[in-house]
Q: 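Please find one structure pasted underneath; my questions will follow.
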2 protein chains.
Amino acid sequence: MLELRHLRSLAAIADTGKLVQAAGRVHLTQSALSHQMRALEAHYGTTLFQRTGAGLRFTPAGQRLLQLARETLGAVAGAERDLARLQGDTRGDLRIALECHTCFDWLMPVMDEFRVRWPEVEVDLLAGFHSDPLDLLKSGKAELVIGSQKPRGRDYVALPLFRFEILVVMPLEHRLRTKRRVAAADLKGETLITYPVPEDRIDLVSQVLKPAGIRLERRTSELTVAILQLVASRRGIAALPNWGVRNYVDLDYVIARRIGAKGLWSDLHAVVPRTLAGRPYMTEFVEIIRAKCAAGLTGIELL
Amino acid sequence: MLELRHLRSLAAIADTGKLVQAAGRVHLTQSALSHQMRALEAHYGTTLFQRTGAGLRFTPAGQRLLQLARETLGAVAGAERDLARLQGDTRGDLRIALECHTCFDWLMPVMDEFRVRWPEVEVDLLAGFHSDPLDLLKSGKAELVIGSQKPRGRDYVALPLFRFEILVVMPLEHRLRTKRRVAAADLKGETLITYPVPEDRIDLVSQVLKPAGIRLERRTSELTVAILQLVASRRGIAALPNWGVRNYVDLDYVIARRIGAKGLWSDLHAVVPRTLAGRPYMTEFVEIIRAKCAAGLTGIELL
DNA sequence: GAATAACTTGAATTAAATTCATATTAGAGT
DNA sequence: ACTCTAATATGAATTTAATTCAAGTTATTC
């Protein structure tokens, strides 16, 4: 008999396309999912997927069940929000600080969705640059910080978001254009264009260049588009998240290359005070980030 | 974690108001339901019911979950209909014959609902009186017979609907008005007003009067209202299902009394050819009858 | 104040889902 | 064609969870 568990699995399979990854999302093994889906197929006497070497593709019957899953899981989440409201006061403030400038790119739609679901929560984005965003939590000026830093104390918890790859962005005719991957030594003599943040907050510097003993000229700009314009007009190179440059690469505006053999990756977390971490709207805000980013950004990996 | 099982139980509890009866509907014991609901309450940290001596009353939180249950179970049923359609031809005929005249009272809304859900199935009600409705199945003139008779052979199956009580209906000032229950002997000398069917098809006669060796005058009429008019104007008494007379009793048009100590009860079934019994639209038609009757008729008991 | 008709509870049982370890399959690259 | 890789499938063992069983409570009715 159909259970929500099946629908949750179905949705995870649709999101990831693969049993192994879907299994991770629903905290099961790949084998469990295989058994589960097989049992579903037996129950309805239909095939729900076309098994290809590269994962599962939904059949029409599978799609119909997936549609049910989407509707149903949405309705369940809505009801659970209402239960939380019935239990007590769910109002609160959610002031957000960003450690990474590029996160603006995806934050707005996340906030929009959140405001629909939790109209009683005051969401705000703290503007401007902050030397140490985690301090904002301690001083009570923010309730949530998005970034790669993890908190030291026991008073704050880091809720995992996703891992993304940082690519070197270069002008079209750059001398390194023929390389598929770029090593630290290759970059000697370049000018690095970054957001106006301390050097040690730039992963390319702290994790690649500094260990290799290389120092580059720097130039800063506040906006991603401005950085890309500078790169395109040969004023230097930049290091930006995969998702932030993908569009410009596709438009042949700049080129982007992997850094080192495995690439330079960074983990993003949402850091919140432990006292607020259990609030339903907090966990849901994080859930919305994960869902929207997994759906909308290319080349990321949910943590 | 919430599962459809919980929602199915919740809906059953709402329909019946009692754990024992709800348990029957979802094929569990009452204890299982108690554990299940207790676990749900623990999971959400809320109370879902107010336990009274006479059953369970939903709290606001319980009502919200019940609303979710109604939406969700409807959506699931819809999806399962579509799966059946995707699997093959779901068209078919559903010609219905009635053994009991009073069933007209509830059949129309059932058919309406069915037509919405299964537009591709041709539903029809066979008009007129049939001496042996089960013969219509054998001769291929009907696909479903509603009545108390059970089929003899292995070629037909009886799907249980509900049990209802048959009451004696009498004019307001009748000599038996002071009795709470009426015995066979009390009825001696009365005129019995019935639908125009053979005597052995009238439960009061075959199960109460004949065993007691009592024969009454008979007078017949096609319509329930006409029978009630005759009764009200003192032309005789009648034996009709609880649900069919309830309104007229409430309006002080006639009075109705229980027959014997435990009452006279009759079981209603839907008899269908075995070959068609598995068709999704068949099981759903029966399901609609049970649901609508359980919700709309008083004094019945689902089988 | 017993009898009834509910629900609750904890332990025992049963059933079902999940994992583990391994097999199988399909496709890509050489 | 062959081997490597990245998938899913399978069957038995295990674990987990749900359900029943057998009393135990509680409220209400007559």
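Here is the naming used below: chain letters follow the sequence lines, and residue numbers restart at 1 for every chain.
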Q: Ignoring hydrogens and angles, does a donor from either the side chain of Ser31(A) or the base of dT8(D) sit under 3.5 Å from an acceptor on the other?
A: no
Q: What residues from residues 9-26 of chain A pass a heavy-atom cutoff of under 4.0 Å to DNA chain D?
A: Lys18(A), Leu19(A), Val20(A)
Q: Using a 4.0 Å heavy-atom cut-off to protein, can you give one letter per nucleotide of nucleotides 23-30 of chain D, 5' to 3': B if the base is in contact, S if only the sugar-phosphate is, - if neither?
A: --------
Q: How many whole angstroms separate atom CZ of Arg5(A) from atom C1' of dA17(D)?
A: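 About 10 Å, once rounded to whole Å.
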Q: Rounding to a whole Å, what distance do you find between Met1(B):CE and dT18(C):C1'?
A: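 That distance rounds to 16 Å.
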Q: Please give me the minimum heavy-atom distance between Arg25(A) and Ala12(A), naming the atom from each residue.
A: CB-CB, 4.3 Å
Q: Provide the closest heavy-atom pair for Pro160(B) versus Val286(B) in the form atom of the first, atom of the second, distance.
A: O-CG1, 4.3 Å
Q: Start with the C-alpha gap between Glu3(A) and Arg8(A), add the side-chain angles, then the distance that decides, and say whether salt bridge (charged side-chain N to carboxylate O under 4.0 Å, His left out) holds.
A: CA-CA 9 Å; Glu3(A) 289 293 352; Arg8(A) 295 190 183 100; over 6 Å; no
Q: Aromatic rings Trp243(A) and Phe164(A): how do their planes relate, parallel, tilted or perpendicular, breaks at 30° and 60°?
A: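 Aromatic pair Trp243(A)/Phe164(A) classed perpendicular.
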Q: Side-chain contact, heavy-atom cut-off 4.5 Å: Met37(B) with Leu10(B)?
A: yes
Q: Name each donor-acceptor pair under 3.5 Å that joins a side chain in residues 60-81 of chain B to protein atoms two or more places apart or in another chain, with its distance.
A:
from     : atom 1 : to        : atom 2 : distance (Å)
Arg64(B) : NE     : Asp82(A)  : OD2    : 2.7
Arg64(B) : NH2    : Asp82(A)  : OD2    : 3.2
Gln67(B) : NE2    : Glu71(B)  : OE2    : 3.1
Arg70(B) : NH2    : Asp15(B)  : OD1    : 2.6
Thr72(B) : OG1    : Leu68(B)  : O      : 2.7
Glu80(B) : OE2    : Tyr44(A)  : OH     : 2.4
Arg81(B) : NH1    : Glu284(B) : OE2    : 2.6

Q: Would you mind reading off the distance between Leu28(A) atom CG and dT15(D) atom P, rounded to a whole angstrom?
A: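 Rounded to whole Å, this separation is 17 Å.
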Q: Can you name the salt bridge (Lys or Arg N to Asp or Glu O under 4.0 Å) partners of Glu301(A), sequence neighbours left out?
A: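 Here no residue qualifies.
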Q: Quick one: Phe49(A) CZ to dA26(C) P, roughly how many Å, whole number?
A: 18 Å
Q: What is the distance from CG of Leu56(A) to P of dA26(C), rounded to the nearest Å?
A: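 Spelled out: CG on Leu56(A) to P on dA26(C) is 14 Å.
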Q: Check Asp203(B) against Ser266(B) and note the closest heavy-atom contact, atom names and distance.
A: OD2-OG, 3.7 Å
Q: Identify the heavy atoms of Leu172(A) and Asp252(A) that sit nearest to each other, and give their distance.
A: CD1-O, 3.2 Å
Q: Can you list, in residue-number order, the parts of residues 33-47 of chain A that come under 4.0 Å of DNA chain C, counting heavy atoms only?
A: His35(A), Gln36(A)
Q: Check the distance between dA15(C)'s P and His27(B)'s NE2 and give it to me in whole angstrom.
A: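 For the pair His27(B) NE2 and dA15(C) P, the rounded distance is 16 Å.
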Q: Please determine if a side-chain N or O atom of Arg51(A) lies less than 4.0 Å away from the OP1 or OP2 oxygen of dA9(D).
A: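 So the side chain of Arg51(A) is within the cut-off, an N or O lying under 4.0 Å from OP1 or OP2 of dA9(D).
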Q: Disulfide (SG to SG under 2.5 Å) with Cys100(B): which residues, sequence neighbours excluded?
A: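 By the disulfide (SG to SG under 2.5 Å) rule, Cys100(B) matches Cys103(B).
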Q: Flag yes if more than 12 heavy atoms outside Arg154(B) fall under 6.0 Å of its CZ atom; otherwise flag no.
A: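 Result for CZ/Arg154(B): open.
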